[in-house]
Amino acid sequence: MNLAIIASGRGSNAAAILDAIANDRLDARPVALITNRENVGALDVARAHNVPGHAISRRDFPSRTAQQRRMLEVLQDSGADFVALAGFDAILRPFIVAAYPNRILNIHPSLLPAFAGGMAPVPQTDALRAGVKISGCTVHVVTEDLDAGPIVAQAAVSVLPNDTVGSLSDRILEQEHRLYPLALRWFAEDRARIVDGRVLIDSEESQALWPHPAP
């Protein structure tokens, strides 16, 4: 797998993915880390892992479409054949999705389809307001429908009575760092199949993770 990562912020999920590669838990070659902002932590993560980093800032282009066309050029020039969105705060244009059909994954901080849409901390805030007792994160295949692509895997966390948005977000993020490299590994090892809109894994591993220890 020639893997490109697209991020917008501090890059903690990017770091988890690249650490998994460095520690032989994910058989992939990181070929690019792209951000849509300058001077973000994800670029520091790229430098720390000797991955080519590319800041493609909105202010340098007349439109978001032009910006994302440049992103697609960088993806293709890098030789990427798979893409991981890791805290990317924009919606991919259809031409990028079409260029990598079923080969773009995203991680969302809720148990989809609940609380779809919005970047952190919006889904966590909505979960607390709704009074749910279990929250978590979801890795899904990116399609043109926002947060509605086939679900690859989910990790759950209990919502505690005294949780704040910050404390819930922190616990969900811990699970994101476990879940995302695992989901990518299934695709890297060609063990993920999409059948009738569902992702099936040729593995005895569970597509549902619970925090350690399991309840």
Side-chain angles (χ1 to χ4, degrees), residues 1-7 12-14 16-21 23-31 75 79-88 91-120 123 127 132-158 171-215:
M1 175 188 283
N2 289 333
L3 180 66
I5 300 171
I6 303 179
S12 71
N13 268 308
I17 292 167
L18 293 173
D19 286 344
I21 294 172
N23 293 317
D24 296 323
R25 292 184 287 112
L26 171 58
D27 185 13
R29 182 166 72 97
V31 295
L75 286 171
D81 53 34
F82 208 92
V83 180
L85 304 185
F88 181 53
I91 298 173
L92 282 185
R93 292 296 191 260
F95 54 81
I96 295 183
V97 178
Y100 292 89
N102 296 329
R103 288 180 290 145
I104 304 175
L105 298 187
N106 181 49
I107 192 158
H108 184 77
S110 78
L111 296 178
L112 293 174
F115 312 117
M119 291 291 297
V132 299
K133 308 311 176 190
I134 298 175
S135 186
C137 54
T138 303
V139 174
H140 66 94
V141 177
V142 174
T143 65
E144 292 186 23
D145 297 321
L146 180 62
D147 292 336
I151 291 172
V152 180
Q154 294 182 306
V157 302
S158 297
R171 291 204 314 284
I172 290 174
L173 189 61
E174 290 179 6
Q175 300 310 308
E176 291 180 32
H177 295 167
R178 290 177 62 206
L179 190 70
Y180 213 171
L182 175 62
L184 285 166
R185 178 164 61 82
W186 290 331
F187 281 87
E189 295 174 355
D190 199 26
R191 291 194 284 140
R193 297 177 293 120
I194 300 176
V195 180
D196 295 330
R198 298 175 60 201
V199 177
L200 304 178
I201 305 301
D202 295 329
S203 170
E204 294 182 357
E205 294 173 293
S206 175
Q207 290 173 255
L209 300 187
W210 291 88
H212 299 306

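All values below come from the heavy atoms of this structure, side chains included, with hydrogens, waters and symmetry mates left out. The chain is numbered in sequence order, starting from 1.
Every salt bridge (charged side-chain N to carboxylate O under 4.0 Å, His left out) that Glu189 has, sequence neighbours left out, goes to Arg185, Arg191. With sequence neighbours excluded, no residue forms a salt bridge (charged side-chain N to carboxylate O under 4.0 Å, His left out) with Arg103.
Minimum interatomic distance between Gln154 and Leu112 (heavy atoms only, all atoms of both residues): NE2-O, 3.0 Å. When all heavy atoms of Leu173 and Ser12 are compared, the pair lying nearest together is CD1-OG, 3.7 Å.
Residue pairs satisfying the ring-ring contact (aromatic ring centres under 6.0 Å, His included) criterion with at least one member in residues 181-206, sequence neighbours excluded, are listed as follows: Phe82-Phe187. Judged as a salt bridge (Lys or Arg N to Asp or Glu O under 4.0 Å), not a single pair has a partner in residues 137-149 (not counting sequence neighbours). The stretch residues 194-204 participates, sequence neighbours left out, in these salt bridge (Lys or Arg N to Asp or Glu O under 4.0 Å) pairs: Arg193-Asp202.
Checking side-chain atoms of Ser203 against main-chain N and O of Glu205 turns up a donor-acceptor pair under 3.5 Å.
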Q.
Run Trp210 and Ile134 through side chain to side chain contact (heavy atoms under 4.5 Å, CB included) and show every step you take.
A. CA-CA 11 Å; Trp210 291 88; Ile134 298 175; 4.1 Å; yes

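Counting only heavy atoms from C-beta outward, the side chains of Thr138 and Ile107 never approach each other to under 4.5 Å. Using a 4.5 Å heavy-atom cutoff, the side chains of Tyr180 and Ile17 are in contact.
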Atom pairs and distances, donor-acceptor, side-chain atoms in residues 91-102, under 3.5 Å, two or more places apart:
| residue | atom | partner | partner atom | Å |
| --- | --- | --- | --- | --- |
| Arg93 | NE | Thr65 | OG1 | 3.3 |
| Tyr100 | OH | Ala80 | O | 3.2 |

